[in-house]
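All heavy atoms count here, side chains included; hydrogens, waters and symmetry mates do not. When a residue number appears, it is its place in the shown sequence, counting from 1.
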Amino acid sequence: HVTEAQQQLHVDGSGVGILVVDDWSNLHSGVPHGEAVVEVLRATAPEASIWICKLDFSLAMLQDFTGCLLEMDDRNLDVDIVNMSFSMGDKFYKTACGTDLTEFGRTIHRYAQQGIIFVAASGNQGVKDGIKFPACHNDVISVGATYDADGTNMVFQSAEFSCKDSSKLDKITCYSNVAPYLDILAPGTIVSTPSNSRFGGTSAAAPVVTGIVALMLSEDPGLTKSSIVRTLKDTGKSVYDSALRQSFARIDALGAIQRVAAASGSAANSQNEDEEAGITISEQSIGNFDFDRDGRIDDVEFFDAVDAWIR
């Protein structure tokens with residue numbers, strides 16, 4: 001429903017900044033992984049500003065990932081969302097891993113405290129009771145993957161894991177890591193881009209979510225991580241996972257942005273009403289309680305008015 005949201009609600013991500021931290025060494029169909037991620041973002045939020053931190057994941061150290069985030073300050077980047085289509089380490093976290101895991105994790109927390117939204121892929125190892133870092137981080141929106149079509153025999157293969165499955169629309173993919181605290185699902189197979197018609201994985205699902213969050217922020221820049229996640233869950237399509245015996249929400253762009261638009265519209269109307277009411281009350285208060293007509297309510301006048309109200 002991304003196209004419907006763009007056309008019906010006239011949202012395009014304008015005014016929103018996205019930082020992409022990704023791998024430019026690992027080629028998929030001859031295209032850098034990060035390039036396909038950026039193409040998903042440009043299709044979803046075409047007018048968002050996108051900055052890229054290019055890494056070689058085969059050589060990168062944790063401090064390199066931290067350095068990508070520090071560039072937001074070093075280069076004065078006006079970033080609202082950071083997309084992380086990767087997972088790292090060998091551990092799968094059955095519960096959220098906090099905010100103090102590595103200097104990179106602490107840096108994520110520091111920027112999240114400033115209002116920056118972080119989105120990360122849950123990983124592609126087919127684990128059904130745990131997700132990897134940084135998706136496990138408390139300040140990160142974790143994203144798992146679903147199929148976007150019925151009836152295709154899918155074969156997923158990577159250096160770490162392989163699986164075969166018969167796809168079904170909105171079914172959680174065989175490769176997607178999930179955990180009870182996973183935030184949201186998005187289509188991950190197949191996400192076709194101009195340079196890679198077979199791009200997929202939770203790496204593809206994450207920028208779908210990042211792009212939709214950008215559309216939400218272009219409608220209401222004041223949204224927080226918790227309000228974004230709540231809206232995505234409330235408006236998404238319920239998908240049941242038999243392994244965890246739990247339902248998750250598959251993102252619905254149109255529903256989420258409609259909810260944001262309705263809420264921001266209601267807030268604006270309420271503020272206008274309050275302001276109008278405030279003017280009336282202020283004028284009435286001055287008129288009723290400014291007994292000596294000097295244009296202000298003195299202490300004696302205030303306490304006399306309170307005493308009269310109590311009686």
Under 3.5 Å, is there a donor-acceptor pair between the side chain of [X] and the main chain of [Y]?
{"X": "H137", "Y": "G105", "value": "yes"}
{"X": "S218", "Y": "L215", "value": "yes"}
{"X": "N138", "Y": "G98", "value": "yes"}
{"X": "N177", "Y": "S122", "value": "yes"}
{"X": "D12", "Y": "A45", "value": "no"}
{"X": "S49", "Y": "G17", "value": "no"}
{"X": "S176", "Y": "A145", "value": "yes"}
{"X": "S162", "Y": "S158", "value": "no"}
{"X": "K164", "Y": "N153", "value": "no"}

Under 4.5 Å between side-chain heavy atoms, hopping through other hydrophobics if needed: is there a path connecting [X] to [Y]?
{"X": "I117", "Y": "L70", "answer": "no"}
{"X": "I81", "Y": "I257", "answer": "yes"}
{"X": "I141", "Y": "I172", "answer": "no"}
{"X": "V2", "Y": "V38", "answer": "yes"}
{"X": "V208", "Y": "M84", "answer": "no"}

Ring pair (Phe, Tyr, Trp, His ring centres under 6.0 Å) contacts in which one or both residues fall within residues 166-187, not counting sequence neighbours: F156-Y175

What ring pair (Phe, Tyr, Trp, His ring centres under 6.0 Å) pairs are there with at least one residue in residues 36-68, not counting sequence neighbours? F57-F65, F57-F86, F65-F86, F65-F104

Would you give the length of the straight line joining atom [atom1] of [X] to atom [atom2] of [Y], rounded to the nearest 0.5 angstrom?
{"X": "I212", "Y": "I228", "atom1": "CD1", "atom2": "CD1", "answer": "12.0 Å"}
{"X": "D80", "Y": "T210", "atom1": "CG", "atom2": "OG1", "answer": "12.0 Å"}
{"X": "H109", "Y": "Q114", "atom1": "NE2", "atom2": "CD", "answer": "10.5 Å"}
{"X": "T202", "Y": "L185", "atom1": "OG1", "atom2": "CG", "answer": "11.0 Å"}
{"X": "I184", "Y": "D252", "atom1": "CD1", "atom2": "CG", "answer": "9.5 Å"}

Set of residues satisfying side-chain contact (heavy atoms from CB on, under 4.5 Å) with respect to T193, sequence neighbours excluded: A36, E39, V40, S195, N196, F199

List the residues meeting side-chain contact (heavy atoms from CB on, under 4.5 Å) with A135, not counting sequence neighbours, and say none if there are none. A120, I131, S142

Of all residues at least two apart in sequence or in a different chain, which pass the side chain to side chain donor-acceptor pair (under 3.5 Å) check with E47? none

Got a sec, which residues hit side chain to side chain donor-acceptor pair (under 3.5 Å) with E71, two or more places apart in sequence or on another chain? R75

Filter on salt bridge (Lys or Arg N to Asp or Glu O under 4.0 Å), then keep only pairs touching residues 167-179, sequence neighbours left out; what's left? D165-K171, D170-K237, D170-R250

Please list all pairs passing the salt bridge (Lys or Arg N to Asp or Glu O under 4.0 Å) test where one or both residues lie in residues 254-264, with sequence neighbours left out. D234-R259

T189 and M154, any side-chain heavy atoms less than 4.5 Å apart: yes

Would you say that Q246 contacts P180 through its side chain, given a criterion of any heavy-atom pair below 4.5 Å between the two side chains? yes

When Ile, Leu, Val, Met, Phe, Trp and Tyr are grouped by side-chain heavy atoms lying under 4.5 Å apart, directly or through other members, which residues fall in the same group as L169? none

Determine which pairs satisfy side chain to side chain donor-acceptor pair (under 3.5 Å) with at least one residue from residues 93-105, sequence neighbours left out, and list them in order. D100-R106, E103-R106

Please tell me whether D220 and S264 have a donor and an acceptor in their side chains that are separated by less than 3.5 angstrom. no

Residues 81-131 vs disulfide (SG to SG under 2.5 Å), sequence neighbours excluded, gives C97-C136

Tell me, which pairs form a disulfide (SG to SG under 2.5 Å) where one or both residues lie in residues 54-85, sequence neighbours left out? C53-C68

